[in-house]
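Notes to accompany the following structure.
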Amino acid sequence: MASVLLVEDDHFVRAALIRHLTDASHSVRSVGTALEALREISQLHFDVVILDLGLPDLDGTKALKMLRGIADVPVIIATARDDEAGIVRLLNDGADDYLTKPFSAEHLTARIAAVLRRSGSRSGPDAHTAMGAGTGPGMSGTMSAMSAMSAMSTMGAHGPARAPISHVIRVGGISVDPQRRSATLDGIELDLTRREFDLLAYLAGRPGTVVSRKDLLARVWNQPYGADKTVDVHLSWLRRKLGESAASPRYLHTYRGVGVKLEPPR
């Protein structure tokens, strides 16, 4: 069983695919827009994404690039386009496979299985508990050796090593601990996704400095180029968790055409 995110705006097509994928024992979540898909991917784990290119809010090609800035999940493109140049461009932009509409449910199932094999994704009830679950005679010895090595690595030449010093970044009521990957606002822990935390930490490390979207893509997403919309979407989600909005900012201030700045409330 695989966890599948289906991104399809056609209600009839979506219902048919959900029925077939469920019958094939897959766990399916479905959305009809690119922004809904990005939100789902940023908050949940999926084994594979089926992405329709003809979405109402955002071109599927742009959605694919933004998705790649969030996660490394395998993506199967569902498209009515059959020109070779367009398909090659999609694969170069990060798609793992594609299906040309119309396609059969059996064809889709076979493509999902092939993508999962290539990506090494596991399916089945033991997929998330396989590591450390072995109890064979060789496994216990291996685990004991690993435990001993782990214990030795924490010991210095003269006894237990000291815990590393944590450097907390503070900007007004925001505290960011990069080592522990935790952040709080006025003493209350923030529930951030991995990318939201990276974005907040990067901006907090440069308080009062306007950082361009290009710089954020390069430093936070490790992409020398990409869609500014990727940054904007994450800034919107981060603002919401900081209890503010673009219209009434407290910490995050956007400068149109320039970038964004994190600073304490005035």
Same apolar cluster (I L V M F W Y, side chains within < 4.5 Å links), V210/V220: no

Side chains of T209 and K261 in contact at under 4.5 Å (non-hydrogen atoms): no

Donor-acceptor contact below 3.5 Å, side chain T22 vs main chain R19: no

Heavy-atom side-chain proximity of H234 to I70 below 4.5 angstrom: yes

Heavy-atom side-chain proximity of L203 to V260 below 4.5 angstrom: yes

Check: A2 main-chain N/O paired with H26 side-chain donor or acceptor under 3.5 Å: yes

ILVMFWY network linking Y251 to V258, side-chain heavy atoms under 4.5 angstrom: no

Please list, one pair per line, the donor and acceptor atoms closer than 3.5 Å that link side chains of residues 181-192 to other protein atoms, with sequence neighbours excluded.
{"residue": "R181", "atom": "NH1", "partner": "D198", "partner atom": "OD1", "Å": "3.1"}
{"residue": "R181", "atom": "NH2", "partner": "R194", "partner atom": "O", "Å": "3.4"}
{"residue": "R181", "atom": "NH2", "partner": "D198", "partner atom": "OD1", "Å": "2.8"}

Shortest non-hydrogen separation from D9 to P56 and the atoms involved: CB-CD, 3.7 Å

Contact summary for H107 and F103, nearest pair of heavy atoms: ND1-CB, 4.3 Å

Which atom of H167 lies closest to which atom of P178, heavy atoms considered: O-CD, 3.3 Å

Considering all heavy atoms, the nearest P74-V115 contact: CB-CG1, 3.3 Å

Close side-chain approach of R206 to I169, heavy-atom, < 4.5 Å: no

E263 side, atom CD; I174 side, atom CD1 - distance, nearest 0.5 Å: 11.0 Å

Test item: side-chain donor near acceptor, D47 and H45, under 3.5 Å: yes

Donor-acceptor under 3.5 Å (R250 side chain, S245 main chain): no

Spacing of K241 atom NZ and E196 atom CD [to the nearest 0.5 Å]: 3.5 Å

Cluster overlap L116 with I76, hydrophobic side-chain contacts below 4.5 Å: yes

Pair L90-Y98, side-chain contact (heavy atoms from CB on, under 4.5 Å): steps then yes or no: CA-CA 9 Å; L90 288 167; Y98 72 95; 5.7 Å; no

Salt bridge D96-R68, side-chain N to carboxylate O under 4.0 Å: yes

Carboxylate-amine/guanidinium contact R14 D52, below 4.0 Å: no

A105 backbone acceptor or donor facing H20 side chain under 3.5 Å: yes

Beyond-backbone contact of V7 with I50, side-chain heavy atoms, under 4.5 angstrom: no

N/O donor-acceptor pair under 3.5 Å between D57 side chain and L35 backbone: yes

Smallest separation among heavy atoms of S30 and I18, with atom names: OG-CD1, 3.3 Å

Separation of Y255 OH from S212 OG (nearest 0.5 Å): 14.5 Å

side-chain hydrogen bond (donor to acceptor under 3.5 Å, both in side chains) partners for Q43, two or more places apart: none

L238 side chain reached by L242 side chain, heavy atoms, under 4.5 Å: yes

L262 vs P207 side-chain heavy atoms within contact, under 4.5 Å: no

I77 CD1 to L99 CG distance, which is reported to the nearest 0.5 Å: 10.0 Å

Min side-chain heavy-atom separation R29-L44 under 4.5 Å: yes

Which atom of Y202 lies closest to which atom of D215, heavy atoms considered: OH-OD2, 3.0 Å

side-chain contact (heavy atoms from CB on, under 4.5 Å) evaluation trace for R239 with W237: CA-CA 5 Å; R239 279 195 179 96; W237 294 340; over 6 Å; no

Working for side-chain contact (heavy atoms from CB on, under 4.5 Å), residues M66 and V233: CA-CA 9 Å; M66 295 171 64; V233 168; 3.6 Å; yes

E36 and T33: side chain donor to acceptor below 3.5 Å: yes

side-chain contact (heavy atoms from CB on, under 4.5 Å) assessment of I41 paired with V49: CA-CA 9 Å; I41 292 166; V49 175; 4.1 Å; yes

